[in-house]
Engineer: 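Have a look at this one before I ask anything.
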Amino acid sequence: MHYRDRFLKLDAAAHEALQIFQVDKHPSYMGIGRAKEGFSVFGMLNKCVTPMGRRLLRAWFLRPIIDIEVINNRLNTISFFLCCEEVMSALRGTLKSVRDIPHMLKKFNSPSSICTSSDWNTFLKCLCSLLHINKIFEIGISEHLANKLQNMSIDLVEKANSSITEELDYVSNLVIGVIDVQRSKEKGYETVVKENFCDELDELRMVYEGLPDFLEQVSENENASFPFSLECRKAPLIVYVHQIGYLMCFFDEKISDALLVGLEDFEFAFSEEGEERRFYYHTQKTRELDNLLGDIYHKILDMERAIIRDLVCRVLQFLPQLTKAVNFAAELDCILSLAIVARQNNYVRPILTEDSILEIQNGRHALQEMTVDTFVPNDTKMRSAGRINIITGPNYSGKSIYIKQVALVVFLAHIGSFVPADSAVVGLTDRIFCAMGSKSMTTEQSTFMIDLHQVGTMLRHATSRSLCLLDEFGKGTLTEDGIGLLGGTISHFANYDYPPKVLLSTHLTEIFTENYLPQSEHIKCYTMSVLNPDGQTSNEDIIFLYRLVPGQALLSFGLHCAQLAGVPDEVIQRAASVLEDIHSQRPVRRMICDKLVAKDQQYQNAMAKLLAFDPRSDDLNNFFEEIFPPRP
Ligand SMILES: Nc1ncnc2c1ncn2[C@@H]1O[C@H](COP(=O)(O)OP(=O)(O)OP(=O)(O)O)[C@@H](O)[C@H]1O
């Protein structure tokens with residue numbers, strides 16, 4: 001099989017119809033800001049704790065596989081974790097501090113970025129957590145669990161051991177040997193390299209830390225050697241300014257020109273205004289200090305950066321091993337996420353098979369079941385016969401939800417996830433086609449055209465391994481055209497020796513009454529059952545049971561839906577009366593409303609007056625005034 005064909009294909013319309021992903025824009029003005037995942041299947045199944053896990057799970061969702069071995073491996077691992085919850089929660093706790101190491105190293109290696117001690121701390125924690133994963137497997141997996149792993153032929157522990165290798169320990173020790181993450185906090189300036197790591201650096205740092213005392217002493221000596229006595233509030237002080245060097249600082253007032261004459265080597269540098277005015281001068285002594293010590297702080301930083309660059313180069317030599325470990329963590333994260341969701345929502349392990357069949361017992365819709373109090377599960381059975389299911393039923397009775405839930409079970413099974421059902425046997429599926437009237441296409445097409453486009457693709461490309469969903473295809477045009485197209489589509493599929501699995505919901509029940517459908521064992525009709533206590537077509541007291549049963553529905557209960565949707569009573573009453581007249585083949589009655597009744601009365605009165613009018617004795621003007629009274 002070609003590499004490309006090893007994935008279950010879903011186009012954008014199918015993704016949208018099944019709500020696999022949903023982007024919620026940032027609520028800020030014009031949606032500027034980071035979008036987040038909305039209410040979607042991915043959003044629901046994504047309980048990953050690492051960014052790499054989330055990325056990998058998204059990739060799994062984008063490319064569901066049709067390789068039974070890989071799927072079963074994932075399913076086995078999920079089954080295993082569901083048996084040992086402590087191991088699962090310990091692993092998730094540990095995974096929380098695993099970061100994207102290759103990304104971090106890229107940042108460390110970039111000449112423009114500055115890595116702080118907290119970055120190194122995170123890096124070390126991450127290495128520690130990765131190594132801890134192996135420890136959890138070592139300690140947490142009892143003999144009983146180890147046997148289970150062996151029986152299920154899961155190579156989890158072996159994979160962990162081969163992915164998280166001793167090199168990580170070496171890298172961790174390498175970093176610990178150079179970096180002291182506490183140092184900058186203790187010293188109060190930016191420094192991360194350990195003490196005693198480099199003598200030259202230690203010496204520089206010692207000088208830098210002793211600089212304030214040393215400069216105070218030098219200042220005192222200098223002040224004593226001035227040729228005049230200074231009468232100022234605060235004695236001048238030699239200070240060290242980063243990147244400028246050493247300067248003699250005078251407080252409050254600039255040295256007068258008269259005094260400057262006696263200080264030949266004094267050169268004014270700059271002044272600083274503020275609460276305390278300061279005037280800085282280069283002097284013979286400060287120049288001496290510049291030559292002797294130089295810009296010591298930046299010397300320290302440069303030296304540290306050189307050391308760290310060297311360290312990063314060494315760490316980068318282990319990039320393949322680190323990447324492998326992180327990739328394993330990402331995969332573990334995805335599996336744990338799927339396991340958590342399976343446990344929380346009572347999902348069951350699907351059985352994947354090469355046969356193109358589908359048998360679901362008490363299947364549920366992964367998203368819809370979250371939004372209703374009681375979700376009614378339904379069965380699906382598609383073997384060699386009954387592969388084309390035509391589902392009819394009133395509006396709002398759960399047809400669309402049912403066909404989508406079947407597709408979602410198939411989709412999730414191909415990801416290697418447990419599925420929302422009591423049991424599921426899922427035949428490998430090559431493609432899921434959806435013609436559900438979704439408007440995901442960017443091209444400007446009418447709704448009907450989009451439907452036709454999707455059904456056209458489906459008819460051309462569906463194989464016996466495909467799953468085709470058609471929701472109310474043919475409703476967007478004249479009824480006759482719609483029925484013709486729908487009948488043609490079903491006949492096309494029915495003519496296959498082994499048709500694709502087709503789930504089709506429709507309100508065009510005329511296809512059953514005329515000879516639109518061929519006699520075929522492939523076609524099976526279902527309907528959504530409704531409890532109608534009166535057994536009448538009345539809109540009151542109808543209860544949707546959301547239960548799929550064999551048969552056909554002939555009523556749509558559209559008016560009941562209108563009532564539920566809050567359509568005004570008078571509109572519903574009028575619709576009911578029109579329906580009644582059409583059913584009993586009577587001419588449609590006129591609509592009765594107060595305005596029309598008043599008008600009818602007015603005409604009746606006028607008629608009565610006209611009949612009572614005697615042209616010989618009555619006055620014509622009075623007569624007209626009575627019929628058309630003057631307006632006030
Ligand atoms: N199995 C179920 N259990 C509980 N509630 C359900 C179930 N299926 C559907 N519903 C509820 O019924 C509503 C309508 O479902 P759905 O959209 O599938 O109806 P429909 O038959 O396709 O309607 P229409 O023919 O008008 O498109 C859903 O929003 C959901 O609240």
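All heavy atoms count here, side chains included; hydrogens, waters and symmetry mates do not. Keep in mind it's a predicted model, so treat the numbers as computed, not measured.
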Engineer: Would you check if there is a donor-acceptor pair between the side chains of E272 and Y280 at a distance under 3.5 Å?
Structural biologist: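 Side-chain D/A pair, Y280 to E272: present.
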
Engineer: Measure from NZ or CZ of R55 to the centre of the six-membered ring of W60 and say whether it is under 6.0 Å with the direction within 45° of the ring axis.
Structural biologist: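 No, cation not above the ring by the 6.0 Å, 45° rule.
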
Engineer: Should the heavy atoms of other residues, nucleotides or ligands under 6.0 Å from CD of E209 be counted, would the total exceed 12?
Structural biologist: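 Counting neighbours around CD of E209, more than 12 heavy atoms of other residues, nucleotides or ligands fall under 6.0 Å, so yes.
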
Engineer: Should the pair R364 and F375 be classed as cation-pi, given the thresholds of under 6.0 Å to the six-membered ring centre and 45° from the axis?
Structural biologist: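 Here R364 fails the 6.0 Å and 45° test against F375.
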
Engineer: What are the two closest non-hydrogen atoms of L57 and C48, and how far apart are they?
Structural biologist: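 So the minimum-distance heavy-atom pair works out to CD2-SG, 4.1 Å.
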
Engineer: Quick one: does I101's side chain get under 4.5 Å of T323's, heavy atoms only?
Structural biologist: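 I101 does not reach T323 side chain to side chain.
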
Engineer: Can you give me the closest heavy-atom contact between Y246 and H282, atom names plus distance?
Structural biologist: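 Y246 and H282 have their closest heavy atoms at O-ND1, 4.2 Å.
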
Engineer: Tell me whether the centres of the aromatic rings in F123 and F108 are closer together than 6.0 Å.
Structural biologist: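 Yes, the ring centres sit under 6.0 Å apart.
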
Engineer: Decide whether E222 and S219 meet the rule of one side-chain donor and one side-chain acceptor closer than 3.5 Å.
Structural biologist: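 No donor-acceptor contact under 3.5 Å links the two side chains.
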
Engineer: Yes or no on side chain to side chain donor-acceptor pair (under 3.5 Å) for N147 and H144, after CA distance, side-chain angles and deciding distance?
Structural biologist: CA-CA 5 Å; N147 286 340; H144 165 69; 5.9 Å; no

Engineer: Which heavy atom of F411 sits nearest to which heavy atom of L8, and what is that distance?
Structural biologist: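 Scanning both residues, the minimum pair turns out to be CA-CD2, 4.2 Å.
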
Engineer: Looking just at side-chain N and O atoms, do D333 and T50 make a donor-acceptor pair shorter than 3.5 Å?
Structural biologist: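 D333 vs T50: donor-acceptor pair found between side chains.
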
Engineer: Taking all non-hydrogen atoms of both residues, which atom of H132 and which atom of T94 are closest, and how far apart?
Structural biologist: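 Distance-wise, the nearest heavy atoms are CD2-OG1, 3.4 Å.
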
Engineer: Near N291 CG, under 6.0 Å, is it more than 12 heavy atoms from other residues, nucleotides or ligands?
Structural biologist: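 More than 12 heavy atoms, drawn from other residues, nucleotides or ligands, come within 6.0 Å of this atom.
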
Engineer: Testing the 3.5 Å rule here: is there a donor-acceptor pair between the side chains of S40 and E37?
Structural biologist: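 A pair is found: one side chain offers a donor N or O, the other an acceptor, under 3.5 Å apart.
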
Engineer: Ion pair present between R287 and D290, side-chain N to carboxylate O less than 4.0 angstrom?
Structural biologist: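 Judged by the 4.0 Å cut-off on N to carboxylate O distance, R287 and D290 do not form a salt bridge.
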
Engineer: Between L204 and I296, which heavy-atom pair has the shortest distance, and what is it?
Structural biologist: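 Heavy-atom minimum between the residues: O-CD1, 3.5 Å.
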
Engineer: Quick one: does NZ or CZ of R58 land under 6.0 Å from the six-membered ring centre of F42, within 45 degrees of the ring axis?
Structural biologist: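 Geometry flag: set, cation within 6.0 Å and 45°.
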
Engineer: How about F433 and L10: do any of their side-chain heavy atoms sit closer than 4.5 Å?
Structural biologist: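 Answer no - side chains too far apart.
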
Engineer: Which atom names give the shortest non-hydrogen contact between G140 and L145, and what distance separates them?
Structural biologist: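 What the structure gives for the nearest pair is O-CD1, 3.8 Å.
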
Engineer: Is a salt bridge present between E195 and R205, judged by a nitrogen-to-oxygen distance below 4.0 Å?
Structural biologist: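 No salt bridge links E195 with R205.
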
